[in-house]
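Source: prediction; values computed, not measured. Atoms within each ligand, like the ligands themselves, are counted from 1 in listed order.
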Amino acid sequence: MGDPAHDSSDFLTDKSAKIFVAGHRGLVGSAIVRKLQSLGFSNLVLRSHSELDLTRQFDVDSFFAAEKPRFVILAAAKVGGIHANNTYPADFIAINLQIQTNVIDSSFRHGVKKFLFLGSSCIYPKLAPQPIPENALLTGPLEPTNEWYAIAKIAGIKMCQAYRIQYSWDAISGMPTNLYGRNDNFHPENSHVLPALMRRFHEAKVNNAKQVVVWGTGSPLREFLHVDDLADAVVFSMDKYSGLEHLNVGSGKEVTIKDLAELVKEVVGFEGDLVWDTSKPDGTPRKLMDNSKLLGLGWTPKISLKDGLVDTYKWSIAMSNKTQSNRKAQHTNYRTGETKMIIRNVFEPEVTYGTLVIHSRSLNPQDANGYKSSYLLLGATLQLATYGFSLFEGAQLKCEGKSPNVHPGYRYLVVRMKKPDLSCSSFEF
Ligand SMILES: NC(=O)C1=CN([C@@H]2O[C@H](COP(=O)(O)OP(=O)(O)OC[C@H]3O[C@@H](n4cnc5c(N)ncnc54)[C@H](OP(=O)(O)O)[C@@H]3O)[C@@H](O)[C@H]2O)C=CC1
Ligand SMILES: C[C@H]1O[C@H](OP(=O)(O)OP(=O)(O)OC[C@H]2O[C@@H](n3cnc4c(=O)[nH]c(N)nc43)[C@H](O)[C@@H]2O)[C@@H](O)[C@@H](O)C1=O
């Protein structure tokens, strides 16, 4: 297990090796799963947040004892843009420290052969030299809007290094630049700049609005990488890299937020004006990463920002259309007593937590409490998962008795959901 690290693992040779991709429903995790599946990997272990809460040490350790994966890629984390980082510092430091500590330690103790941790470019000092080399870590003060998240990510890198030094365990870390693509978070306030702007421009276009508000001054520079390129780099690193130092993963190209906003406006087809809300923070002035170490190993990014944005916008529109057709289907089914679904539209408003009411014939009051009910409701929960819902952390499904306002014989339960759409107050099947 040398350093500097041209060691090759057998990652790509055995396509039946068991791989746990943590966070497989997120932007990054879903892209990694797509990449692994396209390469023929057939033994992926996947657990949604509601199936396995990675902040719970006992549950995480029991999962590893039972599954014993050979490889682990950690793409589960509390993630958000500048506003979310600035507003929920406790969540960003505590949840990330908990998830990564549990997953790293259990992976090591249950014999995982190789482990990959994902950090972020925000680990570097606010005024780091540009492009930022890996060895700029811990050489200066962090950007205040995301220092809590950055401290957790730095701890993750250091934990991987410590386990490598003490136990010769093959844990590596990748530091991606700002990412975007399919399955991104389109929340109006808590998301990153790209999905936020794509949504805002789209809504403005649909509503014939004259202006769109963009945060900050427009002068900060950011480097963007399409998430499919990131997934490619993750698989490449699992195969080709085994070293103590983390690896920067970036496109090598930067753009001002002003030029980015103009590009998103063009891709979406909004024809009005931009208005800058300078009461919102700019964050780090510039964070272009030096990606020469990874490029030197033989990896290259392939997707241009324009192509990536066009694909992401097409995907989000397809998701919206799917929502519309499901809404029609839902009405027909409702009258026949079959399935009724309301699913989230990526461009509709969301709330962080909300209540979802599920009506069903198959609810059994005897098995009303706890997660047992979620197995009874397997069909429903799977469908919910498909459309991006997840159970509120620690939520107990409760059978509430006879459904008051739907069909005779139906029962309903009230579930607190994470990220439901505001319009999603009812789900029937
Ligand atoms: N997006 C970006 O621009 C960048 C991301 N990264 C890193 O990439 C990684 C993935 O980020 P990204 O895909 O964008 O984030 P997302 O928010 O899209 O996905 C995060 C995933 O983690 C899961 N998760 C969160 N909390 C828990 C928990 N307690 N237990 C189990 N699962 C949980 C989420 O599940 P659920 O949705 O059900 O809560 C979701 O599947 C992170 O480490 C992030 O730091 C690095 C640089 C930039
Ligand atoms: C990946 C990285 O992501 C976060 O850092 P960030 O790079 O600052 O990410 P951001 O995408 O939120 O903002 C980029 C820039 O864009 C501007 N901006 C304009 N208008 C909107 C807007 O509408 N939403 C957002 N979010 N930003 C906007 C915004 O003011 C800023 O100048 C970290 O907290 C941390 O999580 C991290 O590691």
Among all protein heavy atoms, pick out the one at the shortest distance from [atom]; state its residue, atom name and that distance to 0.1 Å.
atom: atom 11 (O) of ligand 2; result: Val193 N, 2.7 Å
atom: atom 6 (P) of ligand 2; result: Arg222 NE, 3.7 Å
atom: atom 15 (C) of ligand 2; result: Ile257 CD1, 3.6 Å
atom: atom 5 (O) of ligand 2; result: Lys287 NZ, 3.7 Å
atom: atom 1 (C) of ligand 2; result: His192 NE2, 3.6 Å
atom: atom 32 (O) of ligand 2; result: Asp282 O, 2.6 Å
atom: atom 33 (C) of ligand 2; result: Asn146 ND2, 3.2 Å
atom: atom 9 (O) of ligand 2; result: Asn178 ND2, 3.8 Å

Legend entry - Phe71 six-ring centre to Lys114 NZ/CZ under 6.0 Å and within 45° of normal: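 No, Lys114 does not sit over the ring of Phe71.
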
Should you measure from each heavy atom of [X], which atoms of ligand 2 turn up under 4.0 Å away?
X: Asn85; answer: 33 (C), 34 (O), 35 (C), 36 (O)
X: Gly81; answer: 12 (O), 34 (O)
X: Ala196; answer: 22 (C), 23 (O), 24 (N)
X: Cys122; answer: 38 (O)
X: Gly80; answer: 36 (O)
X: Pro281; answer: 29 (C), 30 (O)
X: Ser120; answer: 37 (C), 38 (O)

Take every heavy atom of [X], measure it against each atom of ligand 1, and state whether any distance is under 4.0 Å.
X: Asn185; answer: no
X: Gly119; answer: yes
X: Tyr149; answer: yes
X: Ser48; answer: no
X: Thr177; answer: yes
X: Arg25; answer: yes

[X] near ligand 2, heavy-atom distance under 4.0 Å?
X: Arg200; result: yes
X: Ser121; result: no
X: Glu143; result: no
X: Val214; result: yes
X: Lys280; result: no

Inset, instruction - Would you check the N or O atoms of Ile82, main chain and side chain alike, for any that come under 3.5 Å of an N or O of ligand 2? - result: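 Yes; the residue has a nitrogen or oxygen that sits under 3.5 Å from a nitrogen or oxygen of the ligand.
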
Inset, instruction - Please confirm whether Trp215 comes within less than 3.5 Å of ligand 2 when only nitrogen or oxygen atoms on both sides are compared. - result: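 So ligand 2 has an N or O lying under 3.5 Å from an N or O of Trp215.
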
Going by the atom numbers of ligand 1, which of them fall below 4.0 Å from some non-hydrogen atom of [X]?
X: Leu52; result: 30 (N), 31 (C)
X: Val79; result: 11 (O), 14 (O), 15 (O), 17 (O), 42 (C), 44 (C)
X: Ile99; result: 26 (N), 27 (C), 28 (C), 29 (N)
X: Gly23; result: 21 (C), 22 (O), 41 (O)
X: Leu27; result: 1 (N), 13 (O), 14 (O), 18 (O)

Legend entry - Which residues share a side-chain contact (heavy atoms from CB on, under 4.5 Å) with Lys158, sequence neighbours left out: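 So Lys158 forms a side-chain contact (heavy atoms from CB on, under 4.5 Å) with Leu137, Leu138, Ile154, Gln161.
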
Inset, instruction - For residues Tyr241 and Phe236, establish whether the separation of their ring centroids is below 6.0 Å. - result: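 Between Phe236 and Tyr241, which both carry aromatic rings, the centre distance is not below 6.0 Å.
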
Legend entry - SB check Lys302 Asp228 (cutoff 4.0 Å):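 Asp228 and Lys302: not salt-bridged.
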
Inset, instruction - Would you please classify the geometry between the His246 ring and the Tyr124 ring as parallel, tilted or perpendicular, with 30° and 60° separating the classes? - result: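 Aromatic pair Tyr124/His246 classed tilted.
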
Legend entry - Nearest candidate to atom 26 (N) of ligand 2, where distance is taken over non-hydrogen atoms, out of Pro195, Ser191, Gly283: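 Among Pro195, Ser191, Gly283, the closest heavy atom to atom 26 (N) of ligand 2 belongs to Ser191.
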
